[in-house]
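Order of appearance sets the numbers: ligands from 1, and atoms from 1 within every ligand.
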Amino acid sequence: MNTNEGLSAILQAVMRNNAKAVKDKYYPCWHLAPVTGLLNDPNGFCFDGEYYHLFYQWNPLSCEHKHKCWGHWCSKDLITWQHQPIALLPDEFYDKDGCYSGSAVIHQGQLILCYTGNVKFEDGSRTAWQCLAVENQQGGFDKLGPVLGLPEGYSGHVRDPKIWQYNDVWYMVLGAQNLDKQGKVLLYRASHLYQWQLVGELAGSYLGGLADAGYMWECPDLFELDDHFILLTCPQGIKREQQRFLNSHSSAYLIGDFDYSTLQFQHGDLIELDAGFEFYAPQTTLANGRRLLFGWMGVPDGEEMYQPTIANGWIHQMTCPRELHIKEEKLYQQPVKELQQLRQKPAYWQGIADDAPDISGFSFELEVELFGSLTIYFSDTLVLLIENNQAVLKRRSVKSGEWQSRFWSGEIKHLQILCDNSSVEIFFNGGAGVMSSRFFPSEKRTICFSGKDTINLTTWQLKNTLL
Ligand code: FRU
């Protein structure tokens with residue numbers, strides 16, 4: 001895409017489709033979604049002391065995984081977001097097949113993006129460059145070009161740089177695939193942003209006690225949290241288990257210790273980050289001492305292209321922003337407290353689940369204290385069953401019409417559920433487990449409860465931030 005032609009094509013697409021998307025009954029009331037086209041990974045999530053910036057993989061021209069640009073939103077409160085000028089277009093030889101995922105840092109008062117320039121060749125092969133871009137006076141970004149080519153011993157699948165600074169040294173984790181088709185996370189180091197040195201493999205398939213853990217690890221993110229280190233990663237090709245890693249690509253984490261003097265990461269087993277149907281490519285940032293996360297509420301799979309929103313020219317959305325903590329060696333995710341500002345008047349109810357009042361509409365938050373089994377019918381396409389220390393989320397596939405299930409195990413005492421017009425995020429026991437999923441209900445818009453045990457319910461309708 002040449003810059004001028006690219007911008008004008010995007011403007012046309014936005015003008016043509018914007019109203020269509022926003023009027024779609026499935027368009028979110030308060031989650032971030034594209035005004036037109038396809039959204040995938042959160043990118044460049046950062047806080048500049050006043051504003052949160054969230055960039056995102058965006059194809060403004062269609063609902064396919066093509067022409068990846070970086071869209072840009074910013075916000076003072078993580079609730080209301082303003083559109084910013086499009087940050088990156090794939091208009092250079094080194095990023096012509098997509099400005100792929102990456103991260104952002106604030107350095108000497110300037111916002112700097114580090115992203116993957118993806119280049120595909122006619123024979124089907126590809127290469128990748130890790131590139132920089134710097135904010136300009138107009139709120140756009142000037143590309144500084146590639147700072148890193150492919151490392152020796154790896155395929156063209158090397159991408160998604162996450163960079164940070166520690167004690168005046170820059171670090172980068174990078175997703176990679178070696179020539180034996182094993183997924184890895186590479187660690188780089190630099191004394192300034194233009195000159196990176198490969199330290200080695202930080203984690204991956206056949207490393208640190210892991211056996212075959214997939215052919216490619218995308219979107220790594222390494223950070224310290226509550227006296228531990230967490231490596232987020234999206235292993236592709238990991239073996240499906242009976243109740244875990246059931247999506248076509250998974251999002252997982254390793255918990256352990258990273259030592260800045262030896263640059264070694266000791267860790268345990270891969271743990272699934274979110275057990276729902278749609279969650280991928282999360283990215284975190286540190287803001288005023290809080291570790292915050294956005295995820296893509298989508299998965300690159302054969303189902304996505306059957307989602308009904310495509311008819312209205314848009315597809316996918318982000319998760320809600322979440323705050324992370326570690327308790328008892330496990331990662332906990334909770335919706336950020338700012339989201340409570342969306343709550344309208346609370347409604348309380350207590351009794352046997354079968355007698356609970358229905359909830360109408362889809363933009364609501366629900367807290368449930370449970371004392372046994374419970375079933376929640378979200379629609380004709382989504383049901384949550386809680387029984388015998390297990391949650392099963394059943395959803396009707398948009399592709400085949402068949403019911404499919406996702407699982408979370410544990411003694412479930414508390415649920416926090418955030419719902420929007422076509423999404424649900426279910427937090428079990430204060431965030432010990434999460435399920436994020438899209439669903440596309442038919443016209444009937446009521447949520448009902450069933451069960452013989454007692455529940456305590458608090459319900460809030462949520463304000464629409466996108467009006
Ligand atoms: C993850 C991903 C990244 C890549 C981007 C391209 O969803 O495949 O690895 O950079 O999407 O849009």
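Looking at C99 and K68, their side chains never come closer than 4.5 Å, going by heavy atoms from C-beta outward.
Residue contacts with ligand 1: W296 is placed with no nitrogen or oxygen under 3.5 Å of a nitrogen or oxygen of the ligand (distance criterion only). Ligand 1 has no nitrogen or oxygen under 3.5 angstrom from a nitrogen or oxygen of Y280. Not one N or O of Y100 is nearer than 3.5 Å to an N or O of ligand 1, by distance alone.
E201 and Y154 are linked by a side-chain donor-acceptor pair at a separation below 3.5 angstrom, with hydrogens and angles left out of the test.
Between Y94 and W129, the ring centre distance reaches or exceeds 6.0 Å. Checked against a 6.0 Å centroid threshold, the rings of F439 and F362 count as neighbours. Remark: aromatic rings of Y260 and Y171 are close, center separation under 6.0 Å. Aromatic pair F141/F55: centroids less than 6.0 angstrom apart.
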Evaluation steps, salt bridge (Lys or Arg N to Asp or Glu O under 4.0 Å), between E272 and R406: CA-CA 12 Å; E272 195 165 41; R406 294 293 181 268; over 6 Å; no
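Proximity of N118 to ligand 1, defined as any heavy-atom pair under 4.0 Å, is not found for any part of the residue.
Using a 4.0 angstrom heavy-atom cutoff, N40 counts as in contact with ligand 1.
The single protein non-hydrogen atom nearest to atom 10 (O) of ligand 1 is D160 OD1, 2.5 Å, given as residue, atom name and distance. Protein heavy atom nearest atom 6 (C) of ligand 1, with residue, atom name and distance: Q57 OE1, 3.2 Å. For atom 8 (O) of ligand 1, the closest non-hydrogen atom of the protein is E218 OE2, 2.9 Å.
Of all the listed residues (N59, V158, D41), D41 holds the heavy atom that lies closest to atom 2 (C) of ligand 1.
For ligand 1, the atoms closer than 4.0 angstrom to any heavy atom of S101 are 5 (C), 10 (O).
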